[in-house]
Enquirer: 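Dropping the structure in here first, questions after.
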Amino acid sequence: MLEKTFDAANVEPRLYQEWEKSGAFNAGAGKKDGQDNFCIVIPPPNVTGSLHMGHALNNTLQDIMIRYHRMQGKDVLWQPGMDHAGIATQMVVERQLAENNEPGRRDMGREKFLERVWQWKGESGGTIFNQLRRLGASADWSRERFTMDEGLSKAVQKVFIELYNEGLIYKDKRLVNWDPHFLTAISDLEVEQKEMNGHMWNLSYPIEGIEGRTITVSTTRPETMLGDTAVIVHPEDERYRDLIGKNVILPLVERKIPIIADDYVDLETGTGAMKVTPAHDFNDFDIGKRHDLPMINIMTREANIWLKDNEDFLQGLDMSEELQSTINALDGVERFKARKLIVAMFEEKGLLAGIDDHVNMTPHGDRSGVIIEPYLTDQWFVDAQTLAKPAIASVKEGRTNFVPKNWEKTYFEWMENIQPWCISRQLWWGHQIPAWYGPDEKVFVAATQSEAAEQAKAHYGEAVELIRDEDVLDTWFSSALWPFSTLGWPDKTPELERYYQTDVLVTGFDIIFFWVARMMMMSLHFMKEEPFHTVYVHALVRDEKGAKMSKSKGNVIDPLDLVDEYGADAVRFTLAAMAAQGRDIKLATSRVAGYRNFGTKLWNATRFTQMNGCARAEGFDPNSVKETVNRWIVTELAKTAKDVSEAIETYRFNDAANGLYRFVWNLYCDWYIELTKPVLQAEGESEAKTETQACVAWVLDQICVLLHPFMPFITEELWAETGKTGPAREGLLILGQWPSYDIDDTGAADDINWLVDIITAIRSVRSEMNIPPSTQLKLEIVGASDQTQSRLQAQDAVIKRLARADEIKLSSDVPQGSAQVVVGEATIALPLAGVIDLDAEKARLEKEIDKISKVAAKFEAKLGNERFVANAPVEIVQDQKAKLAEQQALKAKVQEALGRILAAL
RNA sequence: GGGUGAUUAGCUCAGCUGGUCAGAGCAUCUCGUUUACACCGAGAGGGUCGGGAGUUCGAAUCUCUCAUCACCCACCA
């Protein structure tokens, strides 16, 4: 006999071990008779990561599909693995070094530092996978991969070399987003624009040769004026037309820079004159290119002002004492301090024309949080525009589909405007770029140094010393290869052959650009086939009030805390039930508690079966059950199974979960079990009892199967429990067989619906009339049709039990002073003269009539509308007519009942 | 500046391709310990589906518009 509740904390780890030991997670485990494959690659979490709600949702949905398809008998692979997370990991290890007062990364040197990172990875990396295990994730852990594994690194190298040879990867000197904290370039995607309150400074630049005349430019970044190389005005601008072609004397540095015309300038904005700093602003960079302006970088990598020994800056300057002192004052100063100093200097010279408040979008590094500096450096880029073309076509032509579909628009929007992807990072942890430089900076890209040396020898005609590029690749470069690199590419492995193309990618919308788009590009280029046919994009998990969960807000719900409190099944079921497409999930823990209760409900239903001898029967055939109630429940089960399967296959996980919830609680527990009690608890043996016992057990079995993808632990446990009696069971539920039935008995459904109606109606009256549960009623049925009479006879015991009546008889008249309920054509009288309040009964019936009238009025209005009758489809009109007639008949009956009460009053 | 998604019972949300679609769960109220379950059972109250206009015989469901909120993208000094 089972305990009263399911002890998740104890059972879950045990069952998880059993599953793992059984090999059920391994690819091929569920395979039966050479059926289909099903493959999902996990979105690789950061090696530094720990489980948050987003992961919990993401992996729950994946596991539901994986378990579902496994039970379908497919050869299933859920490919797990982790991402090396360049910046994040380097950050963690550097912090650890600092905490231990150990030498920093630079003091340590590259090799030793990397050793430390590997050591850290071995000790603390990948805790997230143990957390996923607690959720019940049935990934094939034996195939776990890491983006820095030898195999995956080989794939990265091959991809880099091939793209380079095809001209799709190139090195370029241009402005990049520079993170002055981590001292590395980052891609556009790793930049977050944040609104900041700042100022707009108006700076006046004197015109060369025109005493007393200045031109005023507006800027949000005065410190960059040190690197100005032009002022531009609009060619049509009357105010400045005479100045075009002249020079300004750049204040402080006394550099002569030209005033040129460029229609980039907006006549309406600011003063209509713009300073141009090509080395520190993306727009200015383009303008500089257009006009072939010098690009003067005036900052160090740390974003401090750099003037001394800065050749580009010093070139062409006349070193005066004043300039020297300006340089002394500014050199090495942090950029925002320098800003203040420079503004003050302008003010002192009388060249500060004004300061306005200004709100501007400021770029921040998503990891470091510091303000990004547009910075002129040599970096490696991927020609994303070229790679994007087939990736766009693929989605346009439906070879890969987004669910929900509206994400395709976002995807197109981004892909069609894609910029070169900066892939080099000035970090150590990552895939070092396979490029070597000769004496004249000539690049040799090759898999190994010796290959590079050969190339160099061929080029120079002699052996030369080569220096390897220090940089590593963007982490997302390796993630982009995930669907094929994890399967063994570039080797032609059986897994690659078998599981590629994978099926579904499950992901949050926040990484569509980072990851999905790039997988599409790389996979199409190297595999010539889409990485997956479907991208299921799920929502963000927010807190109860809809706010994004974040540490700083302190509203983070830790999924493991929820698992501790309510069990993994409850957490999973909650997430599935709330995963309606296209909506964020606002997680309320009350929901989790509710679904924990759902598990308990099922648990106790199983206890009920045990107490009532409902053991599984050998060769039970749901198609041949005879009892109405049994025919009804198997019909409902068949419907539910069909709905759930369909919902899972169309990614409507909430519909699947809710369908199961409804069936288990509202049909199986609330009605089926109650309806079977009279038979099950009757003395002695009967065919009906034997059949019902078997049927109750069988449906419970099927519930476990259908619920297993959602609530794997409790169902597995119950499966084991119910396996202890009846015919021996083979194996674990995880490898059970997903059902589909062809059962549909509408007659039984009608009978039971009638039964439910009559019981509900009587209960309702009892409750409203305050008839205590202990009072046994005598029911008198008036006007019953033949069908109703036979139903009454068949269901006599059940009605008596559930409506709490000790006698049911047919009558020709309603006894005076009875409470009355109308069910179909029959009126059920509850003879309670003297017990009930007739005024209350009168009010109740009046209210009932009112309600019916309202419904009837709707149909009347429709049918009274000539145009409706003329235009609506015939079936609809017929349907509405029938419904109206039904309501009218009902109303007449209730009115009769009311008449009797009025007479009695 | 461009784009997307919201707005349905007190709360959190379902409602697909227009015709009982006005629903669920929590919360509330009443009653209940009948041996599966109080993490329970029975019953009840509660919304003119954000405002307005339109299409249609018929709209929560389609179109437009306004309002409010959220998010994403963007180099306007």
Side-chain angles (χ1 to χ4, degrees), chain A residues 2 4-6 175 193 200 217-221 232 264-266 269-277 281-286 358 360-361 363 374 406-407 409-410 413-414 417 509-510 512-513 540 542 544-548 566 570 577-578 580-588 590-591 593-612 650 652 654-655 658 661-662 666 669-670 673-674 677 681 759-760 763-768 770-774 801-802 804 855 858-859 861-862 865-873 875-877 879-880 883 887:
Chain A
L2 291 168
K4 274 202 173 186
T5 54
F6 172 59
L175 280 193
Q193 302 287 344
M200 179 83 85
V217 296
S218 304
T219 181
T220 53
R221 304 201 51 202
I232 58 171
Y264 173 80
V265 179
D266 179 3
T269 307
T271 60
M274 256 183 82
K275 67 193 269 305
V276 181
T277 321
D281 182 283
F282 287 100
N283 292 317
D284 294 11
F285 180 80
D286 292 339
H358 187 256
N360 52 337
M361 294 300 275
N406 48 308
W407 287 109
K409 191 165 179 179
T410 307
E413 199 61 38
W414 191 71
N417 297 300
F509 61 80
D510 49 334
I512 290 178
F513 304 146
L540 232 54
R542 299 168 174 281
E544 213 162 339
K545 298 187 189 87
K548 208 167 171 172
Y566 302 106
M578 296 186 85
Q581 286 179 12
R583 264 255 211 195
D584 282 348
I585 294 179
K586 290 181 205 162
L587 187 71
S590 61
R591 286 292 285 269
Y595 291 122
R596 185 269 324 265
N597 297 353
F598 174 59
T600 308
K601 186 75 182 173
L602 177 64
W603 187 262
N604 279 293
T606 308
R607 292 184 80 222
F608 172 84
T609 64
Q610 292 184 328
M611 291 174 185
N612 288 277
T650 52
R652 291 177 290 111
N654 58 323
D655 287 343
N658 290 330
Y661 185 92
R662 213 186 205 82
N666 302 121
C669 292
D670 285 351
I673 285 184
E674 293 305 324
K677 277 180 181 173
Q681 293 171 358
I759 292 167
T760 305
R763 281 173 171 173
S764 180
V765 178
R766 291 187 65 120
S767 174
E768 283 189 50
N770 292 320
I771 300 163
S774 51
R801 178 170 180 137
L802 299 188
R804 308 196 61 71
V855 178
K858 262 208 236 161
F859 297 125
K862 265 194 191 174
N865 183 343
E866 279 175 37
R867 289 179 305 173
F868 169 71
V869 180
N871 292 315
E875 315 88 76
I876 298 285
V877 176
D879 181 59
Q880 305 277 301
K883 280 171 181 162
Q887 293 298 317

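Throughout, a chain's letter reflects where its sequence line sits, starting with A, and its residues are numbered from 1. None of the values given here were measured: they were computed from a predicted structure.
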Enquirer: For a 4.5 angstrom cut-off between non-hydrogen side-chain atoms, does A/Phe509 reach A/Thr410?
Expert: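 Counting from C-beta outward, A/Phe509 and A/Thr410 never come under 4.5 Å.
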
Enquirer: Which nucleotide sits closest to the side chain of A/Phe608: B/A14, B/C71, B/A36?
Expert: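 Between B/A14, B/C71, B/A36, the one nearest the side chain of A/Phe608 would be B/A36.
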
Enquirer: Does a distance-only test, which skips hydrogens and angles, find a donor-acceptor pair under 3.5 Å between the side chain of A/Ser590 and the base of B/C26?
Expert: no

Enquirer: Which nucleotide, B/G19, B/C37, B/G43, lies nearest any side-chain atom of A/Glu768?
Expert: B/G43

Enquirer: Of the listed nucleotides (B/U4, B/A36, B/A77), which one gets closest to any side-chain atom of A/Asn406?
Expert: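 When the side chain of A/Asn406 is considered, B/U4 is the closest of B/U4, B/A36, B/A77.
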
Enquirer: So with a 6.0 Å cut-off around CZ of A/Arg662, is the heavy-atom count from everything else above 12?
Expert: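 No.
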
Enquirer: If you check the A/Phe868 side chain, which of B/C37, B/C57, B/A14 turns out closest?
Expert: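 The listed nucleotide nearest to A/Phe868's side chain is B/C57.
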
Enquirer: What is the nucleic acid contact for A/Met274, judged by heavy atoms within less than 4.0 Å: base, sugar-phosphate only, or nothing?
Expert: base

Enquirer: Please state how far atom CD in A/Gln193 lies from atom P in B/C71, giving the value in whole angstrom units.
Expert: 16 Å

Enquirer: Assign A/Thr600 to base, sugar-phosphate, or nothing according to its heavy-atom contacts below 4.0 angstrom with the strands shown.
Expert: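 It contacts base atoms.
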
Enquirer: Distance check needed: B/C75 C1' versus A/Asn360 CG, whole Å only.
Expert: 12 Å

Enquirer: Return the value, rounded to whole Å, for the distance between atom CG of A/Asn666 and atom C1' of B/G41.
Expert: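 Going from CG in A/Asn666 over to C1' in B/G41 covers 13 Å.
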
Enquirer: Between B/C72 and B/A27, how far is it from one P atom to the other, in whole Å?
Expert: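 Those two atoms are separated by 34 Å.
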
Enquirer: Quick check: any donor-acceptor pair below 3.5 Å linking the side-chain of A/Lys601 to the base of B/C37?
Expert: yes

Enquirer: Using a heavy-atom cut-off of 4.0 Å across all strands, would you classify A/Ala870 as base, sugar-phosphate, or nothing?
Expert: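 The residue A/Ala870 makes no contact with any strand.
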
Enquirer: Would you indicate what A/Gln887 reaches in the nucleic acid, counting non-hydrogen atoms under 4.0 angstrom: base, sugar-phosphate, or nothing?
Expert: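 Since a base atom lies under 4.0 Å of A/Gln887, the category is base.
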
Enquirer: For A/Phe509 and B/A6, give me the distance from atom CZ to atom P, rounded to whole Å.
Expert: 13 Å

Enquirer: Looking at B/C40, B/C37, B/C31, which one has an atom nearest to any side-chain atom of A/Lys4?
Expert: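 My answer, after comparing the listed nucleotides, is B/C37.
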
Enquirer: Hey, does the side chain of A/Arg766 reach the backbone of A/Arg804 with a donor-acceptor pair shorter than 3.5 angstrom?
Expert: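 Such a contact is found between A/Arg766 side chain and A/Arg804 backbone.
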
Enquirer: Can you tell me whether the side chain of A/Gln681 and the base of B/U34 have a donor-acceptor pair closer than 3.5 Å?
Expert: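 No such pair is found, so the answer is no.
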
Enquirer: If you compare every side-chain N and O of A/Asn417 against the phosphate oxygens of B/A74 (OP1, OP2), does one of them come in below 4.0 Å?
Expert: no

Enquirer: Taking the side chain of A/Ser764 as heavy atoms from C-beta outward, which of B/G43, B/C57, B/C76 is closest to it?
Expert: B/G43

Enquirer: Just wondering, do A/Ser218 and A/Thr271 contact through their side chains at under 4.5 Å, heavy atoms?
Expert: yes

Enquirer: Considering only side-chain heavy atoms of A/Lys858, which listed nucleotide, B/A22, B/A36, B/A24, is closest?
Expert: B/A22

Enquirer: Checking all strands, does A/Thr760 fall into the base, sugar-phosphate, or nothing category for heavy-atom contacts under 4.0 angstrom?
Expert: sugar-phosphate

Enquirer: Determine the interatomic distance between P on B/G51 and the same-named atom on B/U33; round to the nearest Å.
Expert: 46 Å

Enquirer: So what does A/Arg591 touch, heavy atoms closer than 4.0 Å: a base, only the sugar-phosphate, or nothing?
Expert: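 Base contact.
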
Enquirer: For a quick test of reading the model, state the closest non-hydrogen atom pair linking A/Phe868 to A/Lys862 and the distance between them.
Expert: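 Answer, listing the atom of A/Phe868 first, then A/Lys862: CD2-O, 3.2 Å.
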
Enquirer: Ignoring backbone atoms, test whether A/Lys409 places a side-chain nitrogen or oxygen under 4.0 Å from the OP1 or OP2 oxygen of B/U4.
Expert: yes

Enquirer: Output the single nucleotide from B/A14, B/C76, B/C57 whose closest atom is nearest the side chain of A/Asp266.
Expert: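 Given the options B/A14, B/C76, B/C57, the side chain of A/Asp266 is closest to B/C76.
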
Enquirer: What's A/Val265 touching, base or sugar-phosphate or nothing? Going by heavy atoms closer than 4.0 Å.
Expert: base

Enquirer: Okay, side chain of A/Asn604, backbone of A/Thr5: is any donor-acceptor separation there less than 3.5 Å?
Expert: no

Enquirer: Please name the pair of heavy atoms, one in A/Gln193 and one in A/Pro363, separated by the smallest distance, quoted to 0.1 Å.
Expert: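 So the minimum-distance heavy-atom pair works out to OE1-N, 3.6 Å.
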
Enquirer: Output the single nucleotide from B/A36, B/C39, B/U12 whose closest atom is nearest the side chain of A/Met578.
Expert: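 The closest nucleotide is B/U12.
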
Enquirer: Pick the nucleotide of RNA chain B nearest each of A/Asn612 and A/Asn654; which residue has the one closer to the 5' end?
Expert: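 The 5'-side residue here is A/Asn654.
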
Enquirer: Answer with base, sugar-phosphate or nothing: what part of the nucleic acid does A/Arg652 contact at a heavy-atom distance below 4.0 Å?
Expert: nothing

Enquirer: Rounded to whole angstroms, how far apart are CG on A/Leu802 and P on B/A36?
Expert: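 In whole Å, B/A36 P lies 13 Å from A/Leu802 CG.
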
Enquirer: Quick one: label A/Gln880 by what it contacts on the DNA or RNA (base, sugar-phosphate, nothing), any heavy atom closer than 4.0 Å.
Expert: sugar-phosphate

Enquirer: Within the 4.0 Å heavy-atom criterion, would you say A/Pro374 contacts the bases, only the backbone, or no part of the nucleic acid?
Expert: nothing

Enquirer: Tell me the interatomic distance from A/Asp655, atom CG, to B/A24, atom P, rounded to whole angstroms.
Expert: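 Answer to the nearest Å: 16 Å.
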
Enquirer: Figure out the NZ/P separation between A/Lys862 and B/C21, and round it to whole Å.
Expert: 10 Å

Enquirer: Between B/A36, B/G3, B/A77, which nucleotide gets closest to the side-chain atoms of A/Lys677?
Expert: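 Closest of the options to the side chain of A/Lys677: B/A36.
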
Enquirer: Report the distance from atom OG1 of A/Thr650 to atom CG of A/Asp655, rounding to the nearest 0.5 Å.
Expert: 7.5 Å

Enquirer: If you find the nucleotide of RNA chain B closest to A/Asp670 and the one closest to A/Ile771, which residue's nucleotide is nearer the 5' end?
Expert: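 Looking at RNA chain B, the more 5' nearest nucleotide goes with A/Ile771.
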
Enquirer: Could you identify the nucleotide paired to B/G1, looking across every strand shown and requiring Watson-Crick or G-U wobble geometry with both distances under 3.5 Å?
Expert: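 In the structure as shown, B/G1 has B/C73 as its Watson-Crick or wobble partner.
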
Enquirer: How far does the C1' atom of B/A38 sit from the matching atom of B/C31, given to the nearest Å?
Expert: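 One C1' to the other, the span is 14 Å.
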
Enquirer: With rounding to the closest Å, how many angstrom separate the P atoms on B/G46 and B/G41?
Expert: 23 Å

Enquirer: How far does the C1' atom of B/C75 sit from the matching atom of B/G1, given to the nearest Å?
Expert: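 Rounded to whole Å, the distance is 12 Å.
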
Enquirer: Please state the C1' separation for the pair B/U30 and B/C66 - nearest whole angstrom.
Expert: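 Rounded to whole Å, the distance is 45 Å.
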
Enquirer: Could you tell me whether A/Tyr595 and A/Tyr661 have their ring centroids closer than 6.0 angstrom?
Expert: yes

Enquirer: Looking at every strand, decide which applies to A/Tyr264 at a 4.0 Å heavy-atom threshold: base, sugar-phosphate, or nothing.
Expert: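 Base contact - A/Tyr264 has a heavy atom under 4.0 Å of at least one base atom.
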
Enquirer: Rounding to the closest angstrom, what is the interatomic distance between B/U8 and B/A24 at atom C1'?
Expert: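 B/U8 and B/A24 have their C1' atoms separated by 12 Å.
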
Enquirer: If I take atom CG in residue A/Asn604 and atom P in nucleotide B/U34, what distance separates them, rounded to the nearest angstrom?
Expert: 16 Å

Enquirer: Could you work out the separation of B/G23 and B/G47 based on their P atoms and round it to a whole Å?
Expert: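 It comes out at 12 Å once rounded to the nearest Å.
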
